[in-house]
Amino acid sequence: MDLRLAQNGDAGRFYRRLTFLLLAVIALVAMAGIVVPAGLGWDFANFYDTGRRAAAGQLADIYRPERLIAGAQPQGKLAFWGAPISAYFYAPLSLFSAEWALVVFKLQNVLALFAALWLLYRHTRRFADASPAEQWKFAALFAGLVLLYQPFWSVFRVGGQTTPTVFLLFTIALLNYTKERFDISAVCLLLALLIKPGFLFVMLPLGLVSGWRFVRSMAFVSLATGLGSILLLGWDIHAAFLQTMLQGMKNAYEWLYNSSLYVTAENLKLLAVPPMETRWLALPVMLLKLAIVLIFGWMYWQSRQQNLSRAAQRHFDFLMAVTFCLMFSQTVWEHYLAVLFLLLAYAVASVRQFSFSAKALLVEIFAVSLFQNIVVVNVVNSRFRFDSVPELIAVGLLKSSPLWLTLVFVVRYRQELFQSYLTSQWEHANVRR
């Protein structure tokens, strides 16, 4: 017994030191991301110009990136995709020059990311082994995976993004949805959708499985915000927003920017020599989307056969809704995959419930996330030419591999995932149905 305690103590000290080492590396990476002035003309310019237009009283021009701002040239020419009222979120950036606003924006990204990860770590560590040594082992593993998971870090290359804030809002929404604090969860989800309407598909499964209380809360905050925004800003700007969204749904993006399940079809449509006709690609894409709907509908139905606790069921429902959104969306920017970490972190914390092959698949998901780094993608694109059908299929599958592998994980190891929700931690979280 004494020998075992001594060994556990040594292991605990090792993992504690490893955790602090990894945290120091994460802090250095974040600091480098803030200090290096990368992305002045990329995504940062989108939010900076939107904030300048909001501060200058030119809200009507937020969906016209080519327009002058108070007589001055815009920082960039990228389209703004947020809801009209969200333009005011970026108005404080107009107080700074572009160079200093870049630093401020990236700093906000880091704070939002770190806050989300801290909340998620505190939430998931309860599902790991409770012994001190194992807790430090999970802390080190969590920190290492954060450092490895490139969707978190790609935002710095483009000058910062709003995805870290959306990730924080989704994390808070998950924790409160699990505890059936639907008002807080609804507010967080609405704020996330105002910032990034592309995550709207999260609401499709949640609206169907959550029950009246959540639907009522979500409807109330949505209607109140929508009516308030229209009364404050007028209808014309909202009509322009809807038109922008409709146009965005028609846009196609190849593997350089897109990590969706459908990027292979987009590659063939945009990059193949000669280009493939859209009509030959539309049917497979439609069938895949239908399959995704059926698979996740089946997963929800299967979960209700497991006699999960209410908290466990809510947690599962939310994670599947976020995962469904990523699987169903036609365009998934690399940094959007940050929200997939909600599911991956829970699976890693509950790894004792999974088989060796399931653990190996989780390792593969994190490994292929390295190809979500924009710098890596640009290097590969500069050195290799992808234009033949086999090449475009291969690179498309590689870029979308985190989602494909996650889909395999969820479907193939669903029973092990359900089993993770039947542990004592969930038993004590809430009364059983």
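Throughout, residue positions are numbered sequentially from 1 according to the sequence presented. Everything numeric here is computed off the predicted structure, so don't read it as measured data.
Sorted by first and then second residue, the pairs that involve residues 200-219 and meet ring pair (Phe, Tyr, Trp, His ring centres under 6.0 Å), not counting sequence neighbours, are Tyr177-Phe214, Phe182-Phe214, Phe201-Phe328.
Residues Trp426 and Phe127 bring their aromatic ring centres within 6.0 Å.
Taking NE2 from His335 and OG1 from Thr162, the interatomic distance works out to 7.5 Å, rounded to the nearest 0.5 Å. The line from OG1 of Thr50 to CD1 of Ile62 is 6.5 Å long, rounded to the nearest 0.5 Å. Distance CD1/Ile374 to CG/Leu256: 10.0 Å, rounded to 0.5 Å. Separating the CG atom in Leu174 from the NZ atom in Lys179 is a distance of 10.0 Å, to the nearest 0.5 Å.
Contact record, Tyr63 with Gly82: OH-O, 2.7 Å, taken as the closest heavy-atom pair. In terms of heavy-atom proximity, Val332 sits nearest to Ser260 at CG2-CB, 3.7 Å.
In this structure, Phe152 and Phe341 have perpendicular ring planes: the angle between them is above 60°, well past the 30° mark. Ring geometry for Phe105 against Phe47 counts as tilted: the plane angle lies between 30° and 60°, on a 0 to 90° scale.
A donor-acceptor contact closer than 3.5 angstrom links the side chains of Gln372 and Ser259. Using a 3.5 Å distance cut-off with no hydrogens or angles, the side chains of Thr165 and Gln108 do pair a donor with an acceptor. Glu391 and Ser388 share a side-chain donor-acceptor pair at under 3.5 Å. Side-chain contact check for Tyr346 and Ser420: at least one donor-acceptor pair (N or O, by modelled atom type) lies under 3.5 Å. With hydrogens and angles left out, the side-chain atoms of Glu416 and Ser355 include a donor and acceptor closer than 3.5 Å.
Counting only distance, with no hydrogens or angles, the side chain of Trp255 and the backbone of Leu397 share no donor-acceptor pair below 3.5 Å. With hydrogens and angles ignored, the 3.5 Å screen pairs a side-chain donor or acceptor of Lys106 with a backbone N or O of Val36. Side-chain atoms of Glu180 never come within 3.5 Å of backbone atoms of Thr178 as a donor-acceptor pair (strictly under, hydrogens ignored). The closest donor-acceptor contact from the side chain of Asp317 to the backbone of Leu206 lies at 3.5 Å or more, if one exists at all. Looking at Asp49, its side chain never comes within 3.5 Å of a backbone N or O of Pro65 through a donor-acceptor pair. Panel note: side chain Asn267, backbone Leu392; a donor-acceptor pair is recorded below 3.5 Å. With hydrogens and angles ignored, the 3.5 Å screen pairs a side-chain donor or acceptor of Gln135 with a backbone N or O of Arg125. Here the side chain of Tyr262 pairs a donor or acceptor atom with the backbone of Met327 at under 3.5 angstrom. A donor-acceptor distance shorter than 3.5 angstrom exists from the side chain of Arg126 to the backbone of His123, with no hydrogens or angles considered. For the pair Ser400 (side chain) and Val263 (backbone), a donor-acceptor distance under 3.5 Å is absent.
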Given ring pair (Phe, Tyr, Trp, His ring centres under 6.0 Å), test Tyr300 with Phe324 step by step and report yes or no. CA-CA 11 Å; Tyr300 278 115; Phe324 167 82; 8.3 Å; no

Verdict with supporting geometry, Phe316 and Phe418, ring pair (Phe, Tyr, Trp, His ring centres under 6.0 Å): CA-CA 9 Å; Phe316 174 85; Phe418 293 144; 5.4 Å; yes

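Residues passing the ring pair (Phe, Tyr, Trp, His ring centres under 6.0 Å) test with Phe366 are Tyr149, sequence neighbours excluded. Under the rule for a side chain to side chain contact (heavy atoms under 4.5 Å, CB included), Gln243 has no partner lying at least two apart in sequence or in another chain. Qualifying side-chain hydrogen bond (donor to acceptor under 3.5 Å, both in side chains) partners for Asp183, counting only residues two or more places apart in sequence or in other chains: Ser217. Remark: Leu119 engages Leu168, Thr171, Ile172, Leu175 in a side chain to side chain contact (heavy atoms under 4.5 Å, CB included) (not counting sequence neighbours).
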Donor-acceptor contacts under 3.5 Å from residues 218-235 side chains, at least two apart:
{"from": "Ser222", "atom 1": "OG", "to": "Met218", "atom 2": "O", "distance (Å)": "2.7"}
{"from": "Thr225", "atom 1": "OG1", "to": "Val221", "atom 2": "O", "distance (Å)": "2.7"}
{"from": "Ser229", "atom 1": "OG", "to": "His238", "atom 2": "NE2", "distance (Å)": "2.6"}

